[in-house]
2 protein chains.
Amino acid sequence: MGTGLDLPLDEVMVGDCIAMLRRLPPASVHAVFADPPYNLQLKGELRRPDDSIVDGVDDAWDQFSDFAAYDAFTREWLTECRRVLRKDGTLWVVGSYHNVFRLGTAMQDLGFWILNDVIWRKANPMPNFRGRRFTNAHETLIWAARGAESRYRFNYAAMKSLNDDVQMRSDWYFPLCTGAERLRGEDGKKLHPTQKPEALLHRVLVSCTQPGEVVLDPFLGTGTTAAVAKRLGRRFIGIERDEGYAAAARARIEAVEAMPESAALALPNKREQPRVAFGLLVERGLVPAGTTLTDRHKRWRAVVGADGTLRCGAATGSIHKVGAELQQAPSCNGWTFWHIEGRDGRLRLIDEIRTEIATQGL
Amino acid sequence: MGTGLDLPLDEVMVGDCIAMLRRLPPASVHAVFADPPYNLQLKGELRRPDDSIVDGVDDAWDQFSDFAAYDAFTREWLTECRRVLRKDGTLWVVGSYHNVFRLGTAMQDLGFWILNDVIWRKANPMPNFRGRRFTNAHETLIWAARGAESRYRFNYAAMKSLNDDVQMRSDWYFPLCTGAERLRGEDGKKLHPTQKPEALLHRVLVSCTQPGEVVLDPFLGTGTTAAVAKRLGRRFIGIERDEGYAAAARARIEAVEAMPESAALALPNKREQPRVAFGLLVERGLVPAGTTLTDRHKRWRAVVGADGTLRCGAATGSIHKVGAELQQAPSCNGWTFWHIEGRDGRLRLIDEIRTEIATQGL
DNA sequence: GAGTCCTCTGAATCCGCCC
DNA sequence: GGGGCGGATTCAGAGGACT
């Protein structure tokens, strides 16, 4: 990233988001979180969702022109975000039924590769006062990679541990942003109509970034994304059109303290942990050459070679290859297939021995 | 509806859905439920950690060359559905992140007025076997009126009583269609890859139709929509391209018995409603609408309504209220008063059924 | 019969480093 | 960038077999 010097890190830029995005170098941020304005079709003006909805737009042409204007705006900022995103970066977008279908369609058309749609289930949504619809109790987030070929980051193990050791699902349950977390003016009125809860951003950022990586929010508002990014040891770039919101965001971010990096690091996925060769266990004498390994049901037995290969009749090769060949399976994880039989007859998985050596260092 | 004679009511039409839709008169159905192809575009095979192969949806009907082809198809059938829909009718569509954004965009472009997006949270989704994404644990339904000016039907009180006397939210929790409900061939394999649970259709149809009204499903498959419509005393029109699916649907529908109209009617206005979600047992089919409940001495009998109320002569309302009224008592715990009579004449307390479902979760 | 264990399966855009 | 291969990866519920 030779253009790193051009990145206005940990700053809030004030101005039109498309113009500001154009100032940023390409392929420079690891993640984007965007909470764009909703499409309420009046005079081409874009409004936030708690403004009153315009009724009586029954002219198909008007509708089309309004949606067309929103779509054009959407495609423009998404295009710039995609340019600024690194090849393996991912992008999050939030919306409700008013606009989320336009967002998702535009993303797919521009080449983004959708990974999940995630539902934020609100613990305390506003009731439907007229009793004419179901209580609108959720918002939708779309998570997408820059392209279908991206090798994006997903902190699977971190998400699993956040969720009591079962896979994190696509439906998340969080309260609205209220109480002390909600930014208010001196008059006690909320500063921003759609301030998102920090817990939501916490999960988003922990899921797809590491400390030190750069998170961009083109619709920063009062700075939830930046505040959570700073606390988690991520760098941020915020863009906000409204000077008042931007000022509130800066003050809020200033008051945040970053946690120690040891705490901010996501639990490493197993793929990211240092690899231990089976040969190392042989060299160290933990699985001496000549040892006989067997599977869980003691159906097959194979002998360890001095070079870390296994031999079982004609089958010879890595612990994985021999395991697959014996089972006539397309593949096999030898670590979780082969056991050592102790003197008492008890079986011990070779993966346990690997874990020991990995935690002891090298 | 002067063209009523042309409506092929309570029939399964076999053929291309667009061609069949064009045969139907305009403004003739009250509701549409559509579960179109998702355009999954699966590439290679996927294996579980135990090396078994996932039976993915790779059927020919789900193959489209690109988004443009899928969009064109979508606009065509949606256009015909809108033509066939009555002015005040509503349309439901189901999708996943692969296609739902295309669906929603097309609907808005065609003039549909979105009322809600509803999330079906799956109790038992398939896990993400490679640990590369969040578990895809939901599907999205879009509910829309024919136009912004439609005076559509929403059975608010019925939804509220189904939901423990609290407004029904936009996030619904149901198990997948498995076990006895899942249609299987003689080989024991599922007949259709994407059969929807009847509980889902129960809630959909009770929310937006009345007995006698007409429900159209242009992608009928093995007939879930029609079966639930018949049980609820609604008329149906089903369109299915595959003769095998259509035959299975016809047999399934034939075996369904309509509940008495008194049970099928949604409550016209607010009343005292069940404290506990008795309605959940109704939706899940554990205490089907139309069932007759009786007390321990078989002195009184009352019929279960589709919205979770009880009806016994003039007495109508929650299981508790009706029990109290009949006994002329100040109060009554309906859970420990009402029984279901089995075929063998044995009585079973509804509280036992509640206990079962409560321990199973939600 | 009660309890335990095992097997099967569901709308799935499901790996990544090294050579 | 393509091929080879090491090795990482699952939850809930139903149903059947077995103790």
Side-chain angles (χ1 to χ4, degrees), chain A residues 88 108 112-117 144-145 147-154 156-157 160 163-170 269-273 275-279 308 317-324 330-338 350-351 354, chain B residues 35-59 61-64 67 94-100 120 122-140 175-182 184 188-190 192-197 219 221 360-362:
Chain A
D88 294 338
Q108 289 179 315
F112 284 102
W113 188 248
I114 298 182
L115 300 169
N116 280 111
D117 56 335
E149 307 309 319
S150 297
R151 289 200 300 273
Y152 58 90
R153 165 174 290 278
F154 176 53
Y156 174 78
K160 189 169 174 176
N163 195 40
D164 205 13
D165 274 341
V166 291
Q167 288 190 343
M168 185 73 79
R169 298 171 37 121
S170 56
N269 294 333
K270 216 163 176 187
R271 284 191 191 91
E272 295 168 327
Q273 289 165 0
R275 195 183 271 198
V276 176
F278 179 65
S318 72
I319 52 174
H320 317 292
K321 208 171 157 185
V322 173
S331 70
C332 166
N333 184 345
W335 289 109
T336 54
F337 178 76
W338 293 110
I350 58 173
D351 195 45
R354 174 174 64 157
Chain B
D35 186 12
Y38 284 12
N39 191 24
L40 286 188
Q41 305 291 352
L42 304 178
K43 298 211 172 77
E45 64 176 18
L46 177 65
R47 287 171 179 270
R48 298 186 178 81
D50 65 3
D51 258 347
S52 62
I53 292 182
V54 175
D55 183 16
V57 178
D58 53 1
D59 305 67
W61 49 256
D62 199 40
Q63 306 297 327
F64 295 84
F67 281 132
V94 197
S96 67
Y97 68 84
H98 309 83
N99 71 323
V100 76
W120 168 27
K122 301 179 181 182
N124 45 349
M126 190 188 298
N128 185 289
F129 296 117
R130 303 303 293 266
R132 291 294 295 151
R133 303 180 177 200
F134 299 99
T135 307
N136 193 4
H138 73 276
E139 292 189 29
T140 301
L176 295 173
C177 179
T178 58
E181 189 185 321
R182 189 91 194 211
R184 297 178 188 281
K189 289 190 183 293
K190 58 189 175 191
H192 193 282
T194 70
Q195 186 182 338
K196 294 289 176 289
F219 304 98
Q360 286 165 13
L362 257 128

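Each chain gets a letter, A, B and so on, in the order the sequences are listed, and its residues count up from 1.
B:T194 comes within 4.0 angstrom of a base, heavy atoms only. When heavy atoms are screened at a 4.0 angstrom cut-off, B:W61 is found touching base atoms of the nucleic acid. Using a 4.0 Å heavy-atom cutoff across all strands shown, A:S331 reaches at least one base atom of the nucleic acid. Residue B:C177 is classed as having no contact, given no heavy-atom separation below 4.0 Å to the nucleic acid. A:P330 comes within contact range of no nucleotide atom at all, as no heavy-atom separation falls under 4.0 Å. Among the atoms of the strands shown, base atoms are found under 4.0 Å from some heavy atom of B:P125. Backbone-only contact: A:K160 has heavy atoms under 4.0 Å from sugar-phosphate atoms and none from a base. Heavy atoms of B:A123 sit under 4.0 angstrom from primed sugar atoms or phosphate atoms, though from no base atom. As judged by a 4.0 angstrom heavy-atom cut-off over every strand, A:R354 is placed among residues touching the sugar-phosphate backbone only. Contacts of B:D62 with the nucleic acid, taken as non-hydrogen atoms under 4.0 Å apart, include base atoms. Using a 4.0 Å heavy-atom cutoff across all strands shown, B:D51 reaches no nucleic acid atom at all.
Both B:G56 and B:D50 sit near DNA chain C, but only B:D50 has its closest nucleotide nearer the 5' end. Residue whose closest nucleotide on DNA chain D sits further toward the 5' end, between A:V166 and B:G179: A:V166.
Listed nucleotides D:dA8, D:dT10, C:dA12 differ in distance to B:P49; the shortest reach to its side chain belongs to D:dT10. Side-chain proximity of B:N136 to D:dG7, C:dA11, C:dT13: nearest is C:dT13. Counting only heavy atoms from C-beta on, A:I114 has its side chain closest to C:dT13 among C:dA11, D:dG7, C:dT13. Of the candidates D:dA14, D:dT9, C:dT13, C:dT13 carries the atom nearest the B:H98 side chain, counting heavy atoms from C-beta on. Considering only the side chain of A:W335, D:dG7 comes nearest among D:dG7, D:dG13, D:dT9.
Comparing C:dT13 with D:dA12, their C1' atoms sit 23 Å apart, to the nearest whole Å. Nucleotides D:dT9 and C:dA11, compared at atom P, are 25 Å apart to the nearest Å. The P atoms of D:dG7 and C:dC14 are separated by 23 Å, rounded to the nearest whole Å. Only the C1' atoms considered, C:dG10 is 12 Å distant from D:dT10, to the nearest whole Å. Using P as the reference atom, D:dC5 and C:dA12 are 31 Å apart when rounded to the nearest Å. Rounded to a whole angstrom, the distance from the C1' atom of C:dG16 to that of D:dG1 is 14 Å.
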| message | Taking Watson-Crick (N1-N3 plus N6-O4 or O6-N4) and G-U wobble (N1-O2, O6-N3), each under 3.5 Å, can you produce the dot-bracket string of DNA chain C? Use [ ] for crossing pairs and | for inter-strand ones. | response | .|||||||||....|||||
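Base orientation of C:dT4: anti, since the glycosidic angle falls outside 90° of 0.
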| message | As a quick check of understanding, evaluate side-chain contact (heavy atoms from CB on, under 4.5 Å) for B:M126 and B:N136, giving each step before the final call. | response | CA-CA 8 Å; B:M126 190 188 298; B:N136 193 4; over 6 Å; no
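A side-chain donor-acceptor contact under 3.5 Å links A:Q167 and B:T135. Between the side chains of B:T178 and B:R182, no donor N or O sits under 3.5 Å from an acceptor N or O. A donor-acceptor pair shorter than 3.5 Å can be found between the side chains of B:S96 and B:H98.
One interatomic measurement links the two molecules: CE of A:M168 to C1' of D:dT10, which rounds to 16 Å at whole-angstrom precision. In this structure, CG of A:N333 is placed 17 Å from P of D:dC5, rounded to the nearest angstrom. Distance, B:E45 CD to C:dA12 P: 15 Å, rounded to whole Å. Taking atom CZ of residue B:F134 and atom P of nucleotide C:dT13, one finds them 13 Å apart after rounding to whole Å. Spacing between atom CZ of A:F278 and atom P of D:dC5 amounts to 19 Å, rounded to whole angstrom units. The interatomic distance linking B:L42 (CG) with C:dA12 (C1') rounds to 6 Å, in whole Å. Whole-Å rounding puts the B:K196 NZ to C:dG10 C1' distance at 11 Å. If you measure from atom CD1 of B:I53 to atom P of D:dT10, you get 19 Å, rounded to the nearest angstrom.
With respect to B:K196 and B:D35, a salt bridge is recorded, a charged nitrogen being found less than 4.0 Å from a carboxylate O.
You'll find the side chain of B:V57 reaches within 4.5 Å of the side chain of B:T194, heavy atoms only. Side chains of A:W113 and A:S150 form no contact here, defined as non-hydrogen atoms less than 4.5 Å apart. In this structure, B:R48 and B:R130 have side chains that are not in contact, with every pair of non-hydrogen atoms separated by 4.5 Å or more. With contacts defined as side-chain heavy-atom distances shorter than 4.5 Å, the pair A:I319/A:F337 does not qualify. A heavy-atom distance below 4.5 Å is not found between the side chains of B:R47 and B:S52.
For the pair B:R132 and A:Y152, the cation-pi criterion (under 6.0 Å, within 45° of the ring axis) is fulfilled.
Side-chain N/O atoms of B:K190 include one lying less than 4.0 angstrom from OP1 or OP2 on C:dG10. For D:dG6, neither phosphate oxygen OP1 nor OP2 lies less than 4.0 angstrom from any side-chain nitrogen or oxygen of A:H320. Note on A:S318: a side-chain N or O is less than 4.0 Å away from OP1 or OP2 of D:dG6.
Checked against ring pair (Phe, Tyr, Trp, His ring centres under 6.0 Å), A:F278 has the following partners two or more places apart in sequence or in another chain: A:W335.
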| note | Scoring nucleotides 14-19 of chain C by protein non-hydrogen atoms under 4.0 Å (B base, S sugar-phosphate only, - none) yields BBSS--
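Between the side chain of A:N116 and the backbone N or O of B:F134 there is at least one donor-acceptor pair closer than 3.5 Å.
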